[in-house]
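Step one of this worksheet: look at the structure below.
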Amino acid sequence: MREAPVSAAVALLRRPETIRARCHALLGLAEGDALPHFRYDAAKLPAAADYVAETIRQNYPDLRIPYHARWRHFAAGGKDRWAALAAGLAGEDPAETARRRFDLCVVSVLLDAGAGPDWSFTEPDGSVLARSEGLGVASLHAFAAGLFSADPANPLRVDAAALRALDAPRLAAAFQVTDKNPLEGVEGRAALMRNLGEALALSPALFGAERPRPGGLFDALRARATPAGLPAAAILEALLEGLAPIWPARLALDGANLGDVWRHPLAAPEGPAPGLVPFHKLSQWLSYSLAEVVEDAGIPVLDLDALTGLPEYRNGGLLLDLGVLALRDPALARQTLPVDHPAIVEWRALTVALLDRLAELVRDRLGLDAAAMPLARVLEGGSWAAGRRIARALRPGGGPPLSVASDGTVF
């Protein structure tokens, strides 16, 4: 069995060009001061670009910036944990190693939604990591221990059977969750893993018919590549097709679960699918992360900038903290808002659109073009790092300027 073909409207909401178009349309309204929740100060965008360029030069003085991918977190603190794990795979078929990297990356990215301010992960050597780095390293340790494999003799893989059986207590134990070390959205994360296990079996053409696994997607994408390479949008398309069943049932259209798609009263009023803004943040970050594996396997990834910037609290927080965006109602900053709140949808949409503009200014300051500095590198170098930097300067603990209630599946 596999997911039934989707309607034209659902297919439209899965396209990165739709994400970009609808977000830029809302930015156009912001330029006319016509949005209900945010004001936009275009005069402050150049200073934000200066701050991002300065952050890039601090982090990557040679301007050799990798993609904004999960692999950076596996090397947190200067320890390349994946390389250490992969050393035991020397001599293995490179395609199988790529499948293992897909396996690890898919579960790790899907487990990455915001950890909250009070959680951390302690490694056997005593290293303590929090937030995205901690989640990444925790998921890698869980992968190495075979948490996601149903075959004890082959722990370094992910398969549907193990995912279907994964419950919240086992996931919480792997992530060292206690009353004193709380992780937001543990139940949601575990449910997402079980949903992933079910989804793998629904798409044998993507994940393999026998013992389906996320790594099967490597073979499906390799088969779609031309001699010139593989379009980045094809990676996202395959993920949105294969992972569609995993998301919590929030919004549906024409019988399809929409995933990271939200309502805004001013979005695309004439339709199709009026009032809806797609983001697909985790799927796009996963696309950037898998693109790195595809390229390492010798397949060029084409038109990476067809994908968009990521609408999450570091990129969006940068824009708020530097005054590019400002809340009309400052009281919202003192509340914890649900992810479907129109203000959060508006904030995320403006973030996507402004990252495009910010990237152009940052490239100018660094003397690089889009080929040398695609958006995936601007994010890494970059806007995400700068968002964390300014947050730490302004608030104890470096939390975001807006608090969003996470169910473990969006941020």
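- Judged by distance alone, with hydrogens and angles left aside, the side-chain atoms of R314 form no donor-acceptor pair with the main-chain N or O of A385 at under 3.5 Å.
- The backbone N or O of N195 sits nowhere less than 3.5 Å from a side-chain atom of R164 that would complete a donor-acceptor pair.
- Note that OG of S287 and CG of L307 are 5.5 Å apart. Values are rounded to the nearest 0.5 Å.
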Open item on the list: Under the criterion salt bridge (Lys or Arg N to Asp or Glu O under 4.0 Å), I'd like the reasoning laid out for D356 against R363: C-alpha separation, chi angles, the key distance, then a yes or no.
Closed with: CA-CA 11 Å; D356 283 340; R363 291 177 189 124; over 6 Å; no
- [ ] Mind running salt bridge (Lys or Arg N to Asp or Glu O under 4.0 Å) on R99 and E96 for me, showing each step along the way?
- [x] CA-CA 5 Å; R99 294 181 196 106; E96 179 57 22; 3.0 Å; yes
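- The pair D33-R328 counts as a salt bridge, with a side-chain nitrogen and a carboxylate oxygen less than 4.0 angstrom apart.
- Here the straight-line distance linking atom CG of L320 with atom CG of L318 works out to 9.5 Å at 0.5 Å rounding.
- When atom types are taken as modelled, the side chain of N181 and the backbone of Q176 share a donor-acceptor pair closer than 3.5 angstrom.
- Residues D340 and R263 are not paired through a salt bridge, judged by the lack of any N-O separation under 4.0 Å between the basic side chain and the carboxylate.
- Here the side chain of R388 pairs no donor or acceptor atom with the backbone of W384 at under 3.5 angstrom.
- Cation-pi contact between R101 and W71: present, with separation from the ring centre below 6.0 Å and deviation from the ring axis of at most 45°.
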Open item on the list: Let's go through R395 and D321 carefully: what are the C-alpha distance in whole Å and the side-chain angles of both, what is the deciding distance for salt bridge (Lys or Arg N to Asp or Glu O under 4.0 Å) to 0.1 Å, and is it a yes or a no?
Closed with: CA-CA 10 Å; R395 288 174 294 278; D321 283 337; 2.7 Å; yes
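- Checked by atom type, the side-chain pair T308/R20 shows no donor-acceptor distance below 3.5 Å.
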Open item on the list: Let's go through S149 and R157 carefully: what are the C-alpha distance in whole Å and the side-chain angles of both, what is the deciding distance for side chain to side chain donor-acceptor pair (under 3.5 Å) to 0.1 Å, and is it a yes or a no?
Closed with: CA-CA 6 Å; S149 173; R157 61 169 284 146; 4.9 Å; no
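- For A199, the side chain to side chain contact (heavy atoms under 4.5 Å, CB included) partners at least two apart in sequence or on another chain are P245, I246.
- Residues E31 and R39 are not paired through a salt bridge, judged by the lack of any N-O separation under 4.0 Å between the basic side chain and the carboxylate.
- Taking the centre of each ring, Y288 and Y67 stay at or above the 6.0 Å mark.
- Although no hydrogens or angles enter the test, the distance criterion places a donor-acceptor pair under 3.5 Å between the side chain of D103 and the main chain of G215.
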Task: Verdict with reasoning, F121 to E123, per side chain to side chain contact (heavy atoms under 4.5 Å, CB included) - done: CA-CA 7 Å; F121 183 81; E123 292 192 276; 4.0 Å; yes
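- Here R211 pairs with D159 in a salt bridge; the nearest charged N to carboxylate O distance falls below 4.0 Å.
- With hydrogens and angles ignored, the 3.5 Å screen pairs a side-chain donor or acceptor of R194 with a backbone N or O of L166.
- No donor-acceptor pair closer than 3.5 Å links the side chain of E346 to the backbone N or O of H264.
- Aromatic ring centroids of H280 and W262 lie 6.0 Å or more apart.
- Under 3.5 Å, the side chains of R389 and N59 contain no donor-acceptor pair of N or O atoms.
- Side-chain atoms of S203 and E241 form no donor-acceptor pair, as typed in the model, at a separation below 3.5 Å.
- Residues passing the side chain to side chain contact (heavy atoms under 4.5 Å, CB included) test with A238 are L206, L217, L221, R224, sequence neighbours excluded.
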Task: Verdict with supporting geometry, F218 and F102, ring-ring contact (aromatic ring centres under 6.0 Å, His included) - done: CA-CA 7 Å; F218 172 75; F102 267 54; 5.7 Å; yes
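- Using a cut-off of 4.0 Å between Lys/Arg side-chain N and Asp/Glu carboxylate O, R348 and D260 are scored as salt-bridged.
- Using the six-membered ring where Trp is involved, F38 and W347 have ring planes that are parallel, under 30° apart on the 30 and 60° scheme.
- If you check the side chains of N315 and T351, you find no donor sitting under 3.5 Å from an acceptor.
- Of the possible donor and acceptor atoms, one in the side chain of R81 sits under 3.5 Å from a partner among the backbone N and O of K79.
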